[in-house]
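In what follows, a structure is listed as structure tokens, so that the remarks can point back to it.
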2 protein chains.
Amino acid sequence: MSDRPAKKQNTLFVGALAKGLKLLRAFDETHTDLSLGDLASRTGLDKSAVQRLANTLHVEGMLVKDPATRRYRPSHQWLEMAYAYYWSDPLIGRAMPKLIELSRDIGETVNLAELSGEHIIYALRLPTQRTHFAATIAGRRLPALSTSAGRAMLATWRPEDREAAVRDWPIASFTPATTRDRGTIRDLIEDAAVRGYAISRSEVILNEVGVAAPIVAPDGRAAAAIHVSVSGHSYDLDRINRDIAPAIQDAANTILA
Amino acid sequence: MSDRPAKKQNTLFVGALAKGLKLLRAFDETHTDLSLGDLASRTGLDKSAVQRLANTLHVEGMLVKDPATRRYRPSHQWLEMAYAYYWSDPLIGRAMPKLIELSRDIGETVNLAELSGEHIIYALRLPTQRTHFAATIAGRRLPALSTSAGRAMLATWRPEDREAAVRDWPIASFTPATTRDRGTIRDLIEDAAVRGYAISRSEVILNEVGVAAPIVAPDGRAAAAIHVSVSGHSYDLDRINRDIAPAIQDAANTILA
DNA sequence: GTAGCATGTATCATAATACGATACTCCGCG
DNA sequence: CGCGGAGTATCGTATTATGATACATGCTAC
């Protein structure tokens, strides 16, 4: 080390663990089995560090290594982590029976969405035959502003908090029809504040309509929502307002009651 | 260090990462929010190591820390890990439409179980209103020998491999009715080999009947199964054999076809 | 009301670890 | 057949993670 004073160590931070977690985050919906080289380029870590970290994750059962191709994949422990999450989140136990009931009543895809920073994450998903694969599995994370569930939650926030979110939070484009204008998003959230539920069209999947009602906490603010996805071919606005939205709101309103 | 030769370092193993993973595994269905002391006692690690590791997991977003109680809980990243797992496992995408169809056809709880070492893990679960909470969420792991899904898979193995599993693998007791005799388990697996599906009664939940059909790989050996759970009050053996088992087998047989 | 204990936080000297560099092996492709 | 890429293995050493320990806070028991 040069005679320049050494950078002070952060003794509460374990760098090797953080690097290991970075390796885990290299896996996602489009990176499903990765070589050491893939991991090195996706994490920016040195290849011998990646070798050590990947080997350790493998030995600890977190990654599976294909002996023929030497590529790594997530192991079943990743599912066990979701299992532990489900037990740790009180909302899950409360919401599950209501989602199941709603799914049976309306016969459409029903999800529990939770706020996760500036995104929403689908914690529970009850799919139907119509459901696109990506929309059947739990754990998907999407920008809150770009989803009906996120907008339904924000609709319950104080106007200044809502405004800050509309101004600052990320938006994303999934289809040519995805709303990109923050003014339009603001209007949709205001509309949801009036109606008590949010409606989105073709935001994430073309011709899919999302309807979401907030699960309002005792403080008046929602950090979760029930979201239902229907086909725009089968439902016009009248039908949604009449047949779908009331059922979602009833279900959402009973969860924390 | 004493003058005794130092133990040779395993330079391919990162101890700090392994310790961090050990902290993650401290969370399960009965340990849902943990203090530093809880983590120390559950992992056997020194309290200052636990402090550093927990802080790092928190900073990296893997754990949420309640500011009032200072206790830690799993974060949404745990759900994202399941999401990444689902994309990485080709069976999930193939099985999901079949499970949804089967769930609609028979109106009962339908699951995809996969072999995980000497256990099975429920990768996908499509619950109904009747389903006990623990049976609605993915990621639960159970001894293979103690479940109909595990027995259905083993039934497709070569006799000597099957015999070794019956002899050596763990069994567990969940209800007073849980089968504890390995001879009986062997007979049930043989029966499944003949029928093409396995039936279990009250193994994990009293009066719940499990029916499972193996998803047989091209090599003739199954590492996954479709499992359906029905009430023993509503289904006797005749009804299961007639109405339930054929539908499960048909679904299982089309997944890898 | 006070003392003691448990829990959490913060710090530090140092031993051990994790690091990057590098060499070697193997395999596939031109 | 040679070269390059990917993976594996090794090593000297700088950096990190360690356990010990001190301190703060809050709660409980006497």
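No hydrogens, no waters, no symmetry mates; every other heavy atom, side chains included, goes into these values. Being a predicted model, the structure only gives us computed values, none of them experimental. Order of the sequence lines sets the chain letters (A, B, ...), proteins ahead of strands, with each chain counted from 1.
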Between [atom2] on [N] and [atom1] on [X], what's the gap in Å once rounded to a whole number?
{"X": "A:Leu17", "N": "D:dT16", "atom1": "CG", "atom2": "C1'", "answer": "13 Å"}
{"X": "A:His58", "N": "D:dG7", "atom1": "NE2", "atom2": "P", "answer": "14 Å"}
{"X": "B:Asp66", "N": "C:dT7", "atom1": "CG", "atom2": "P", "answer": "17 Å"}
{"X": "B:Leu39", "N": "C:dA6", "atom1": "CG", "atom2": "P", "answer": "19 Å"}
{"X": "A:Asn10", "N": "C:dC12", "atom1": "CG", "atom2": "P", "answer": "13 Å"}
{"X": "B:Arg42", "N": "C:dT7", "atom1": "CZ", "atom2": "P", "answer": "16 Å"}
{"X": "A:Leu12", "N": "C:dT9", "atom1": "CG", "atom2": "P", "answer": "9 Å"}
{"X": "B:Leu34", "N": "C:dT7", "atom1": "CG", "atom2": "P", "answer": "13 Å"}

*Can you sort out which residues in residues 20-28 of chain A have a heavy atom within less than 4.0 Å of DNA chain D? Ascending by number, please.*
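Those residues whose heavy atoms fall under 4.0 Å from DNA chain D, taken from residues 20-28 of chain A, amount to none.
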Taking the nucleotide of DNA chain D with the nearest heavy atom to each, does A:Asp38 or A:Phe13 sit closer to the 5' end?
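Whichever sits nearer the 5' end wins; that is A:Asp38.
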Tell me, please, which residues at least two apart from [X] pass side-chain hydrogen bond (donor to acceptor under 3.5 Å, both in side chains).
{"X": "B:Glu114", "value": "A:His76, B:Tyr85"}
{"X": "B:Asp33", "value": "B:Arg71"}
{"X": "B:Glu163", "value": "B:Arg186"}

Donor-acceptor pairs under 3.5 Å, side chain of residues 166-173 of chain B to any protein atom, not counting sequence neighbours: which ones?
from: B:Ser173; atom 1: OG; to: B:Arg180; atom 2: NE; distance (Å): 2.9
from: B:Ser173; atom 1: OG; to: B:Arg180; atom 2: NH2; distance (Å): 2.9

> With a cut-off of under 6.0 Å to the ring centre and 45° to the axis, is B:Arg162 in cation-pi contact with B:Trp157?
Replying inline: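 Ring-cation test returns no.
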How would you list, by chain and number, every residue that makes a ring pair (Phe, Tyr, Trp, His ring centres under 6.0 Å) with [X], sequence neighbours excluded?
{"X": "B:Phe133", "answer": "A:Trp87"}
{"X": "B:Phe27", "answer": "B:Trp78"}
{"X": "A:Tyr122", "answer": "A:His227"}

Margin query: Check B:Asp89 with A:Arg73, please: is the shortest side-chain N to carboxylate O separation under 4.0 Å?
Written below: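 No, A:Arg73 and B:Asp89 are not salt-bridged.
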Per-nt protein contacts along nucleotides 19-30 of chain C (heavy atom under 4.0 Å; B base, S backbone sugar-phosphate only, - none) come out as BBBBB-------
Cut-off 3.5 Å, no hydrogens considered: what does the side-chain donor-acceptor table look like for residues 90-100 of chain B, sequence neighbours left out?
from: B:Arg94; atom 1: NE; to: B:Ile255; atom 2: O; distance (Å): 3.2

To the nearest 10 degrees, the angle between the two end axes of the helix from C:dG1-D:dC30 to C:dG30-D:dC1 (five pairs per end) comes to 30°
Listing, residues 60-68 of chain A side-chain donor-acceptor contacts under 3.5 Å, not counting sequence neighbours, or none:
from: A:Glu60; atom 1: OE1; to: B:Arg25; atom 2: NH2; distance (Å): 2.9
from: A:Asp66; atom 1: OD1; to: A:Ala68; atom 2: N; distance (Å): 2.8
from: A:Asp66; atom 1: OD1; to: A:Thr69; atom 2: N; distance (Å): 3.2

